[in-house]
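Every chain is numbered from 1, with letters handed out A, B, ... down the list of sequences.
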Amino acid sequence: MNLGYACINLTLQHECKITTNRGMIQRTFREKGIQYASQLALQNVRDLLDIVRWNEDHGVGLFRVSSDVFPWASEYRLHQLPDFAEIREYLEAIGRTSVRLTTHPGPFNKLAGEGATLQNTFSDLEHHSEVFDYMGFMPSHHNKINIHVGGAYGDKAGTLLRFARNFTTRLSDSLKKRLNLENDDKPGLYTVAELMPLYEAIGTPIAFDYFHHSLHPGGLSEREAFELAISTWTDATPVCHYSDSRRTYEDPTARREAHSDWVYNFIQTYGSDVDIVMETKMKELSLLKYREQFLMPQSSPVLSD
DNA sequence: CGGGGTCAAGTCTCG
DNA sequence: CGAGACTTGACCCCG
């Protein structure tokens, strides 16, 4: 099992200002254009390599790449960036590491949407796939591009049909082989069971999100939903997302959907081999702490006393 | 250089 | 019915 975390390494961020999400507001992009976007992207990929190598050095075999590495990516093609040759070398170096890289494009991606929304979704998702191409990854769910269905539009079944049609007819083959779905935390959206027909229609595996499931289980036990979800991964080790509840463990006034800073419970995988992305606010720190608390026998209170 | 207002996109839910 | 959240607070201006 690989444990991983998402987008930010707090240790490197605080010690060396290493981050991958340099960006700019729209006005700055209008004023400075692709030239400046290229400079920021170059710094971002350089730092991404440092973060991925840090992960390797610390036995962290899974990492979610931020979607902010290329600022305003929808406004240009990667090969048009003035610094592209150098950027590409960094992407290739990142791809040669042993860390399993995944990504999670933003909530504006609506593959069941229409018009400009749908066009923007195609462009953003293909961008994520292209970055993985430059990293040298064969298209598969080993390097997943994880999204939510993104809305129900008052008609869950019809929305899934539109999603499946757009997936089948409008996406590149590489993207199709990388895209996967995730269960939602809101009652109006999709449980693992509700995503199964979509998986059966178009083959998009389901990343099981423990916390979302706890908020919106749809009649299945955690074990049932977990096992259903991991049964959909046929070309790669299943990925699950984990967080505890901030409201339960850290702040009774927090929203019920808020993620915790740390992990407080042993992550039950029911005997299956899965990879787990920790979606906790303390990032790699919560991962290191979890490993010490729950995975290293010598630190168990029972044995060390 | 620190603090605060502001910031692309869509949809849903909370307050 | 508007603000806040979502995978992630950071940018940018002003004092």
Side-chain angles (χ1 to χ4, degrees), chain A residues 4-10 12-14 17-32 36-37 39-40 43-44 47-48 51 62-76 101-125 127-128 131 144-156 159 162-163 166 179-190 207 209-212 215-216 239-243 246-247 253-261 276-284 286:
Chain A
Y5 60 100
C7 305
I8 292 172
N9 182 297
L10 294 173
L12 294 175
Q13 185 174 55
H14 291 140
K17 298 239 187 316
I18 288 177
T19 117
T20 67
N21 58 0
R22 298 172 186 84
M24 63 192 128
I25 61 173
Q26 189 175 45
R27 178 162 49 84
T28 307
F29 182 62
R30 279 202 305 265
E31 287 165 10
K32 303 191 176 179
Y36 186 52
Q39 285 177 30
L40 295 180
Q43 296 178 64
N44 285 338
D47 284 1
L48 179 58
I51 295 175
L62 174 66
F63 181 69
R64 179 185 298 162
V65 178
S66 166
S67 296
D68 293 337
V69 172
F70 293 94
W72 295 94
S74 57
E75 304 304 309
Y76 53 82
L101 299 179
T102 68
T103 191
H104 192 333
F108 306 110
N109 286 285
K110 308 294 177 189
L111 202 44
E114 53 184 16
T117 303
L118 185 58
Q119 296 304 318
N120 293 341
T121 300
F122 293 145
S123 139
D124 194 35
L125 295 180
H127 160 74
H128 283 80
V131 171
K144 75 188 171 84
I145 298 176
N146 181 97
I147 61 171
H148 295 257
V149 173
Y153 304 88
D155 172 17
K156 278 189 180 177
T159 296
R162 285 201 311 285
F163 190 106
N166 291 335
L179 203 67
N180 78 280
L181 294 162
E182 176 182 349
N183 58 303
D184 289 295
D185 59 359
K186 297 189 182 67
L189 298 174
Y190 300 87
D209 188 307
Y210 287 84
F211 185 40
H212 292 173
L215 296 168
H216 181 33
V239 180
C240 301
H241 300 168
Y242 192 92
S243 169
R246 182 175 201 80
R247 179 186 280 187
T253 68
R255 301 163 39 256
R256 59 196 281 280
E257 301 90 351
H259 293 213
S260 58
D261 287 342
I276 295 182
V277 183
M278 293 191 175
E279 295 185 327
T280 40
K281 302 287 183 192
M282 293 310 282
K283 303 296 176 185
E284 87 285 0
S286 68

*Do you see a donor-acceptor pair shorter than 3.5 Å between the side chains of A:Ser67 and A:His128?*
yes

*Between A:Lys281 and A:Met24, which has a closest nucleotide on DNA chain C that is more 5'?*
A:Lys281

*Will you find, in the side chains of A:Glu182 and A:His104, an N or O donor that is under 3.5 Å from an N or O acceptor?*
yes

*OP1 or OP2 of C:dC6 under 4.0 Å from side-chain N/O of A:Lys186*: no

_Residue A:Ile25, side-chain atoms from C-beta onward, closest of C:dT7, C:dC12, B:dG10_ = C:dC12

*Do A:Phe108 and the base of B:dA9 stack face to face, with centres under 5.5 Å apart and an angle between planes under 30°?*
yes

Collect all protein-nucleotide pairs involving nucleotides 13-15 of chain C in which both atoms are nitrogen or oxygen and the distance is under 3.5 Å.
from   : atom 1 : to      : atom 2 : distance (Å)
C:dC13 : OP1    : A:Arg27 : NH1    : 3.2

*Going by atom types only, do A:Asp184 and A:His148 share a side-chain donor-acceptor pair under 3.5 Å?*
yes

_If you assign A:Pro105 and A:Arg22 each to the DNA chain C nucleotide with the nearest heavy atom, which residue ends up on the more 5' nucleotide?_
A:Pro105

_Counting the atoms with a prime plus P, OP1 and OP2 as sugar-phosphate, which does A:Gln13 contact under 4.0 Å by heavy atoms, base, sugar-phosphate, or nothing?_
sugar-phosphate

_Gap between atom NZ of A:Lys110 and atom CD1 of A:Ile147 - 0.5 Å precision_ = 9.5 Å

*asked:* Under 4.0 Å, heavy atoms only, any strand: does A:His148 hit a base, just the sugar-phosphate, or nothing?
replied: sugar-phosphate

